Amino acid sequence: MRPLLFICAALLFMPAKFTRAEEKKTAQPAADFVLVIHGGAGVVGKDELTPEQEKASRATLDAALQAGHSVLARGGRSLDAVIAAIKILEDSPLFNAGKGSVLTADGTVTMDASLMDGATRQAGACADIRHVKNPIDLARLVMDRTPHVLLTGEGAELLAKEHGLPLMPAEYFITDHRKLQLQRVQQREKARKAGDKKAQINPLEAIGTVGAVALDKHGNLAAGTSTGGMVNKRFGRVGDSPIIGAGTYANNLTCAVSGTGHGEFFLRSVVAYDIAAKMEYQGVALTNAATEVVMRKLTEAGGKGGVIALDAKGNVAMPFNTEGMYRGVIRPDGKPWTAIRKD
Ligand code: ASP
């Protein structure tokens, strides 16, 4: 009896290591399917978000959830559900991705996106994109049609052209709202440089990066993120969103993660992969891993933002250390749940 107890105890405390057999097991049909999305973390005070704007944003989140749900409900891949949801948000002028992206310091739009398949650990990403209507489609092309993971600028847009992705003139992406926002931020920056201590600059006032993570009926996870980056960013700046492991990560053995927040901090803390690594090496459950990385490590490092995270059992975690994070979840019953502030 004693040796048996000892073996049971040893098995219980053994660090989680994943074998090929377990890897296969995670690809067994899951009981459920789940889609989780975000529309950015940051400041969501009454001045920044009127009730009408809130209603419109939530309706768009609902539409994105429904688009991904219809892919998953018919047995489609998590990767396709993530793309379907993100494209709705990229096409909406309300979010900081695709149309409605924030503006760089010189008034232009440059976009980044990435995608990862948890079943194969294949990934694709693009950065410094100016004309591709849906950068998430280009991330998919990089993954499927090239031996590379990340393509930037002209080279990435050439790939889009070669494969007939819709391209748009630069003006398509620029909205009046983003022009005013840039003016406001630049005026405050000027005032601060002139010594006005009250002129605060909040790097996350331009909330709205988008992302999605999904678990399909086949038990496969996927993650994707798309953004215009941060308002008033320097020409050439690339954040965490197109960087696999920082803003996006997916692995059937652990979890799928998409981040939003101050990209420089997410890059230095390798946030998305850190959550997966805690699960893989320490056997920590999803919620604890995501909470520890965002609420303790990222916060202590001075980084603001949040993540959506999903494991292969359908557990969901959505920690954020900002005033709010646009977020939503949909499960097989097809009823979308959305929230913006802390609930
Ligand atoms: N993480 C994005 C970036 O730094 C911005 C955001 O999520 O709001 O480019």
Side-chain angles (χ1 to χ4, degrees), residues 36-45 48 95-97 102 112-114 116 123 125 127 200-213 221 223-231 233 237-251 254-311 315-329 339-343:
V36 188
I37 60 173
H38 72 74
V43 185
V44 286
E48 289 82 16
F95 292 89
N96 174 19
V102 298
D112 310 326
S114 67
M116 187 160 181
Q200 293 284 335
I201 297 178
N202 186 331
L204 287 189
E205 74 164 50
I207 193 167
T209 286
V210 309
V213 292
L221 290 168
T225 311
S226 182
T227 189
M230 290 176 70
V231 64
K233 68 185 179 184
R237 181 263 188 191
V238 174
D240 60 310
S241 306
I243 305 301
I244 298 301
T248 303
Y249 190 73
N251 182 343
T254 51
C255 59
V257 180
S258 170
T260 168
H262 198 156
E264 281 67 14
F265 289 87
F266 277 65
L267 281 165
R268 286 190 289 256
S269 300
V270 203
V271 166
Y273 180 70
D274 202 20
I275 295 170
K278 277 199 94 50
M279 295 177 71
E280 183 167 355
Y281 298 131
Q282 298 182 324
V284 176
L286 178 89
T287 306
N288 293 348
T291 307
E292 161 80 4
V293 169
V294 174
M295 305 308 274
R296 193 188 66 75
K297 288 179 80 177
L298 182 70
T299 307
E300 279 176 17
K304 290 270 181 205
V307 302
I308 50 170
L310 173 66
D311 71 13
N315 296 307
V316 173
M318 298 180 282
F320 56 94
N321 65 8
T322 45
E323 236 176 77
M325 179 169 82
Y326 291 78
R327 58 204 186 280
V329 182
I340 298 179
R341 297 181 179 82
K342 288 178 189 148
D343 287 327

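Values in this document were obtained by computation on a predicted structure and should not be read as measured data. Throughout, numbering of the chain's residues begins at 1 and tracks the sequence. Computed from heavy atoms alone, side chains included, the values below leave out hydrogens, waters and symmetry copies.
- Heavy-atom minimum distance, Asp274 versus Val293: OD2-CG2, 3.7 Å.
- A salt bridge between Arg268 and Glu264 is absent, with no side-chain N of the basic residue lying under 4.0 Å from a carboxylate O of the acidic one.
- When all heavy atoms of Gly211 and Ser258 are compared, the closest pair comes out as CA-OG, 3.4 Å.
- Minimum heavy-atom separation, Gly239 to Ile243: O-CG1, 3.5 Å.
- Checking side-chain atoms of Asn96 against main-chain N and O of Gly229 turns up a donor-acceptor pair under 3.5 Å.
- Shown here for Ala289 and Met279, the closest heavy-atom pair between the two residues is CB-CG, 3.8 Å.
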Before you tell me yes or no, could you show the steps for Met116 and Tyr249 under side chain to side chain contact (heavy atoms under 4.5 Å, CB included), namely the whole-Å CA-CA distance, both residues' side-chain angles and the distance that decides it to 0.1 Å? CA-CA 6 Å; Met116 187 160 181; Tyr249 190 73; 3.7 Å; yes
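- In this structure Ser241 satisfies the side-chain contact (heavy atoms from CB on, under 4.5 Å) test together with Thr209, Thr225, Thr227, sequence neighbours excluded.
- Of the possible donor and acceptor atoms, none in the side chain of Arg327 sits under 3.5 Å from a partner among the backbone N and O of Gly39.
- Taking every heavy atom of both residues into account, Ala290 and Pro319 meet most closely at O-CG, 3.6 Å.
- Heavy atoms only, all atoms of each residue included: Val329 and Val36 are closest at CG2-CG1, 4.1 Å.
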Apply side chain to side chain contact (heavy atoms under 4.5 Å, CB included) to Ile275 and Val307, showing your working. CA-CA 10 Å; Ile275 295 170; Val307 302; 3.9 Å; yes
